[in-house]
Amino acid sequence: MSSLSARTRGAASRAADNSWLERLTRAGFVGYGILHLLFAYVIMKVALGGPAADGDQSGAMQQIADEPFGAALIGAIVVGLMAMAVWQVLEIFRERRLTERAASAGRAAFYLYLAFSGVKVLRGKKSSSADTQQDAAAGLLASDAGRVAVMTAGLILAGIGVWLAIVGITRRFEKHLHVGRMAAATRRLVGRLGAVGFTAKGLAYAIAGILFVVAAWRYDPEKARGLDAALRALADESYGTWLLLVVAVGFTAYGLFAVTEARYRKV
């Protein structure tokens, strides 16, 4: 069994070392960063009370689609996200620790989800992921088992949000970067961008997860709209505008951090 495992890790390592996969993965980080920058723009529109697309990644992609050459850019982002997903699948077989394998599996699934959202936008479908989540929750909340499933999903999402915030506060993300290749000033800048970005992203996901739990508890599928519902909940607070602007700054920081990963991430 150990020899089989060693052979599997060796095969995964050789596949991951493919130069084209590395180039596409690094390009994917640029696209991933652009998505977060556009998401920050969507959040700002929500904060200022203007008309906005859904406050999630599909809303950000719709922003791109409405621009000249938007389809080409989304297509490039989708290819990059697919490469990132393949890279993370290979990481599952290369990692020795179960927690790292689970993290790689989660990232691969998320990149595939974003890529699928991009494909839907390219095909001209206007249905958002927030609407899809709400419709799915409405069906699940019709049964006790469904309520438990929605509540469990919310707790998992909230846990992911807390973990992302911890990663930002403790700067655990630096272990995935070639920090030795950075100049001192660059390392400080990247560290601050990552700390602010991961913390803000974690806050948004934690709120989204809590709202999933509230949706299950109150039989209210409108709360189960993921990040969109989290942003709307913040907007309803007395200091909602300022809270959303702070979150927008955080996602801007994360977007810029993701762009730097194109150069410094260990791939």
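- Smallest separation of non-hydrogen atoms from Tyr32 and Ala258: CD2-CB, 4.2 Å.
- Nearest heavy atoms, Gln88 versus Arg107: OE1-NE, 3.0 Å.
- Atom-to-atom distance recorded for Ile43:CD1 and Thr252:OG1 is 8.0 Å, nearest 0.5 angstrom.
- Hydrophobic clustering of Ile, Leu, Val, Met, Phe, Trp and Tyr side chains at less than 4.5 Å, counting indirect connections, unites Phe110 with Ile74.
- If you take OG on Ser117 and CD1 on Ile77, they are separated by 12.0 Å, rounding to the nearest 0.5 Å.
- Test Met82, Arg265, Met84 against Thr25 for side-chain contact (heavy atoms from CB on, under 4.5 Å) and you get one pass: Met84.
- Connection of Val79 to Tyr113 is not established within any shared hydrophobic cluster, with ILVMFWY side chains joined at heavy-atom distances below 4.5 Å, either directly or through further cluster members.
- Taking the six-membered ring where the residue is Trp, the centroids of Tyr254 and His36 are separated by under 6.0 Å.
- Under the 4.5 Å side-chain contact rule for hydrophobic residues, Phe39 and Val246 do not share a cluster.
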Can I get a per-line list of side-chain donor-acceptor pairs under 3.5 Å for residues 166-177, giving both atom names and the distance, sequence neighbours left out?
from   : atom 1 : to     : atom 2 : distance (Å)
Thr170 : OG1    : Ile166 : O      : 2.6
Lys175 : NZ     : Glu100 : OE2    : 3.3

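- With values rounded to the nearest 0.5 angstrom, Leu203 atom CG is found 8.5 Å from Phe251 atom CZ.
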| task | List the steps and the verdict of side chain to side chain contact (heavy atoms under 4.5 Å, CB included) for Met44 and Leu244. | result | CA-CA 7 Å; Met44 290 183 66; Leu244 285 173; over 6 Å; no
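- Nearest heavy atoms, Leu164 versus Tyr205: CD1-CD1, 4.3 Å.
- Ring centers of Trp87 and Phe29: under 6.0 Å apart, within the cut-off.
- Nearest approach of Val196 to Ala253, heavy atoms of both residues: CG1-CB, 3.9 Å.
- Taking the side chain as every heavy atom from C-beta outward, Leu157 and Ile210 never approach each other to under 4.5 Å.
- Thr199 places a side-chain N or O within donor-acceptor distance of the main-chain N or O of Ala195, the cut-off being under 3.5 Å.
- In this structure, Val89 and Ala108 approach most closely via the heavy-atom pair CG2-CB, 4.0 Å.
- Residue Ala206 comes nearest to Val162 through the heavy atom pair CB-N, 4.4 Å, listed as atom of the first residue, atom of the second, then distance.
- No continuous path of hydrophobic side-chain contacts links Phe116 to Leu73 [ILVMFWY only; heavy atoms under 4.5 Å].
- Counting heavy atoms from C-beta on, the side chains of Val179 and Tyr264 never come closer than 4.5 Å.
- For the pair Leu256/Leu37, a side-chain contact is recorded, criterion being any heavy-atom separation below 4.5 Å from C-beta on.
- Annotation: the span from Leu24 atom CG to Ser19 atom OG amounts to 9.5 Å, rounded to 0.5 Å.
- Under a hydrophobic-cluster definition in which Ile, Leu, Val, Met, Phe, Trp and Tyr are linked whenever side-chain heavy atoms come within less than 4.5 Å, directly or via other members, Ile207 and Leu155 are assigned to different clusters.
- Going from atom CD of Glu261 over to atom CZ of Arg26 covers 10.0 Å, rounded to the nearest 0.5 Å.
- Ile92 CD1 to Arg101 CZ: the interatomic distance, rounded to the nearest 0.5 Å, is 9.0 Å.
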